[in-house]
Structure formats: structure tokens, C-alpha cells
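Following: one structure in C-alpha cells, then a few remarks.
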Protein chains: 2
Amino acid sequence: MAEEQQTDRRTYHHGDLRRAVLTAALDVIRADGPSALSLRDLARRAGVSHAAPAHHFKDRAGLLTAVAAEGYDLLARTLADADDLKDAGVRYVRFAVEHPAHFQVMFQPDLYRPDDPELTAARARAAEGLRGQIAGLPAEGRGPDARLAGVAAWSLAHGFATLLLSHNLAGPVGGQDPAEVFRALAGLLFSTDDERHPRDPGGPR
Amino acid sequence: MAEEQQTDRRTYHHGDLRRAVLTAALDVIRADGPSALSLRDLARRAGVSHAAPAHHFKDRAGLLTAVAAEGYDLLARTLADADDLKDAGVRYVRFAVEHPAHFQVMFQPDLYRPDDPELTAARARAAEGLRGQIAGLPAEGRGPDARLAGVAAWSLAHGFATLLLSHNLAGPVGGQDPAEVFRALAGLLFSTDDERHPRDPGGPR
DNA sequence: GGCGCAATCTTGTCAGTGACAAGATGCTTG
DNA sequence: CAAGCATCTTGTCACTGACAAGATTGCGCC
């Protein structure tokens, strides 16, 4: 994988350095966490000089801002297609599992610039998706305070995803599909009461 | 500027350098996150030479391992006094709010050495506290699978705490006491059904 | 009391890093 | 085809973590 990027580049310009650095960064973060990120290392992986990435991302915080923004954008697109609140939660968890590097960075605001316009826009889009699903909840299913229900749903999904990524649920969920486990969890929170104490696990849709 | 720590130390030995470096580290993490940690900066704050901390913590990972271990120990002590599962959740959230630096480090295993014996012991103690509260749950309150109920409770508390610390709940919870807000959240998850639907009289089981 | 040892701290050093400045290269557009 | 600009390179500086070797001191033990 290193060949093409490191040595085969004969042109002065890389072609798509921004994307190359971003994906390399995601690889490193997924493997060793954001603290293992080194701009110079990313430059080496892309086969360019040590100062090349700075032109696309300004500095380290800029790179991580781009990662977070891309993450919020991906999340927003995922949530936009959700059927209901439970499905949105499942998608939230699936997003975290499939894009762990994005997810990790998104929720460590000290790593990037939280006031970046592109990032805040993407984050607003993601939040809008969640808000919509909460508004669509049946009145009996969400308790007295819709805002509280939203915080509860988000907390449950976010906590499950975070614990999963920090390897704290290896015991309880074992080798099962995280999204399916979370579907069961969500059933405990928001559901009709018979769904809450189910007789048959092959639940309704 | 920091007279006592920087200049007034007349003895060759610091006295309690380990504690001094640890608290300085917690200050920095609370203010700017773990990525802003610099061993040399901590040494300066403690008024010792740049290599002094290494003798107590070996390296950066060693320092953060000590922080995480101390965090798990504090958490275990807090959870040990809990009345029930809901109270344990409230204490979990309160711990995160009162010890944000510990909490942040604890759940970023890539920052420290997760197999450190002292740390794993403290973590086991904390987990034991949670497990005990789950076992004490009334059968109707926890659904069909106790393990699932535990994951749900932990996820809810952990997600709420994490979102809180990453400044993602500034809008919804406003200036309210986080612990109280969480108490309401916990009411949505585990409760008798009439507590869950305050007006709804029919409590099927 | 004092000797020796180990813990603690200091000084010195090296490679790696982020950030910045100034120059080289080549695409693009008028 | 020439000017302009985005892209990339080379060079540099202060800072950092890690390690090695020496200085200082507290402490147990005779």
C-alpha cells in the first residue's frame, strides 16, 4: 500500500493530497488514537514533504477539525434516512462502529476548532435529524418532556457507542452485533410496555 | 508566579513530587485536555528539573496510567456507597462532573497502559459496585435480561456524562444541576410503570 | 554516631515534532 | 502564451519525550 503513495509519485503535485492525508489520519487514529497523530508521519505516508499538509489544513487542529466536520456530515446523512427514533439510535451506534476515528475526534472538542463554520453547519444538520425523530415520537412513548426524552435517547446511544469503542463492553456484548444489542437496549427505554417486557424476541418493526 | 512551588523550594528533594505532578496534570487536563499535557511543563510547575517526573511515572503513559487508576479508585469508593442502581447512576454522573480530568482519561485507553495491575484492580472494584446494584434490582424493573439492564444503565449514565463533559448538552440541560437532570433520565429507564407514565394508571407487567 | 545504600533529583543530550518563512514548480485562465 | 495562483519543497527554530550519567539526600543498619 505504501508503494504507490510513497515512491511512485513522479509529478510535483500530488493530485489529491488533502484526501490522502485525511484517510491516512483516519487510519492512524483508528489504530492508535488521536494522540498518535503526527503531521510529519502523515506527510511521509503520502510521499510528500513534511510541510505539504499544512497548506491544506493549516495545522494539527485544522486537520482534526476537517475530520470532525466530515464525521458530522456522514452522521447527518445517516440519520436523515432513519425510520424512527429507535432506528436513528441503531444508526448512531453503527456509525460509531464503522467510523470509529471520526467518532472519537468528534466528541473531543479540545482537539479541534469547535467554532469552525463548516463543522458547526454539519453538526447542526446532524442535530436536526435527531430532533426530527423525537418530534415524531408518539406522545405516550416519550414521557412528559420531549426534550428529556431526546437527551435520554442520545445519552443511551452515545454511551453505548463510547463504551463499545473504549473496549468496555467486551464482556457483556461478547461477539454479538453491536447494532442488534443496542436495538434491545432501546427497547428498554422507548417502547410500548409489552415491547418493554417482550415474550418473543423477534420484535415488531 | 507560583513562588512556593517554583522558587521557594530550598531542599534538594521536593517532598511530595508525585502528588504535585499528579495534581498539576489534572489541572492541565481539566483546562485544555490530555493532549495539552507536557511532562516538562508539569516539571516547571512543580519547580523541579525536566527529568524529575520520569522517576515517579516512567513516561507520559505512566503518568496517565496513574491518573486513570486514581480515577477508578475514586469511582469505586463513590459507587460503593450507592443506595440503588439509580443512585449509582447519579453518583456516576456526579463523579464525572467533579473529576472531569480523571473521567476523560479513564475512558481513553490509548492514552495509558490498560494492563497495569493497580489500574485493573481499581477498575474491577468499580465494576463490582455496579454489578452489585444490578443484582439488587427488582425483577420487574430490569426486564428479561439482567446483563442487558446493566449495559443500559451504564450506557445511559456514561453517555450523559460524556455528552455533558464534551459540552454537547449546554442547550437541553441549561444551567440545571446535571445530577438532578440525570435522575429524571434514569426515571425513564428503570422504574415502575406508573413512574414512567405519571398519569397512565394501567400498569401491565 | 556514622557508614553505605537506595531513592530522589539534576544536567546533558538526541531524535522527533509543529509551526513558520521563503523559494520552486506547474496548472489555469484570460 | 504569459501572468497569477495553488501546490509543494527546503530550511529553520523552539519545544518535547526519552534516556544516560552524575549529584544530593534521607534512611536503615551496624
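Letters A, B, ... are given to chains in the order of the sequence lines, protein chains preceding strands, and every chain is numbered from 1. Hydrogens, waters and symmetry mates are skipped; everything else that's a heavy atom, side chains included, is used.
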To the nearest Å, how far apart are A:D41 CG and C:dG16 P?
12 Å
Taking atom P of D:dG11 as reference, at what distance in whole Å does atom CZ of A:R40 sit?
13 Å
Classify the nucleic acid contact of A:L37 as base, sugar-phosphate or nothing, counting any heavy atom under 4.0 Å across all strands shown.
sugar-phosphate
What is the separation between atom NE2 on A:H50 and atom C1' on D:dT12, rounded to the nearest whole Å?
9 Å
When rounded to whole Å, the CG to C1' distance for the pair B:L42 and D:dG17 reads 12 Å
Hey, what's the ring geometry for B:Y92 with B:F103, parallel, tilted or perpendicular (30° and 60° as the breaks)?
perpendicular
Please tell me if B:S38 has a side-chain N or O lying less than 4.0 Å from either OP1 or OP2 of D:dT16.
yes
Within the 4.0 Å heavy-atom criterion, would you say A:L63 contacts the bases, only the backbone, or no part of the nucleic acid?
nothing
Closest nucleotide among C:dC9, D:dC8, C:dA19 to the A:H56 side chain:
D:dC8
Measure from CZ on A:R60 to P on C:dG16 and round the result to the nearest Å.
18 Å
Show the numbers, then the answer: is there a side chain to side chain contact (heavy atoms under 4.5 Å, CB included) between B:L156 and B:F160?
CA-CA 6 Å; B:L156 189 72; B:F160 183 74; 5.8 Å; no
Measure the acute angle between the ring planes of B:F95 and B:H99, then classify it against the limits of 30° and 60° as parallel, tilted or perpendicular.
tilted
Judged by atom type as modelled, is there a donor-acceptor pair below 3.5 Å linking the side chain of B:Q133 to the main-chain atoms of B:A88?
no
Among C:dG12, C:dC20, D:dT7, find the nucleotide with the atom closest to the side chain of A:A51.
C:dC20
Can you measure B:D16 atom CG to D:dG26 atom P for me and round it to whole angstrom units?
15 Å
Taking only side-chain nitrogens and oxygens of A:H55, does any of them come within less than 4.0 Å of OP1 or OP2 of D:dC8?
no
Could you give the CG-to-C1' distance, from B:L39 to C:dG16, as a whole number of Å?
15 Å
Round to a whole Å and report the spacing from CZ of B:R44 to P of C:dT10.
14 Å
For A:A69, the side-chain contact (heavy atoms from CB on, under 4.5 Å) test, sequence neighbours excluded, returns A:L119
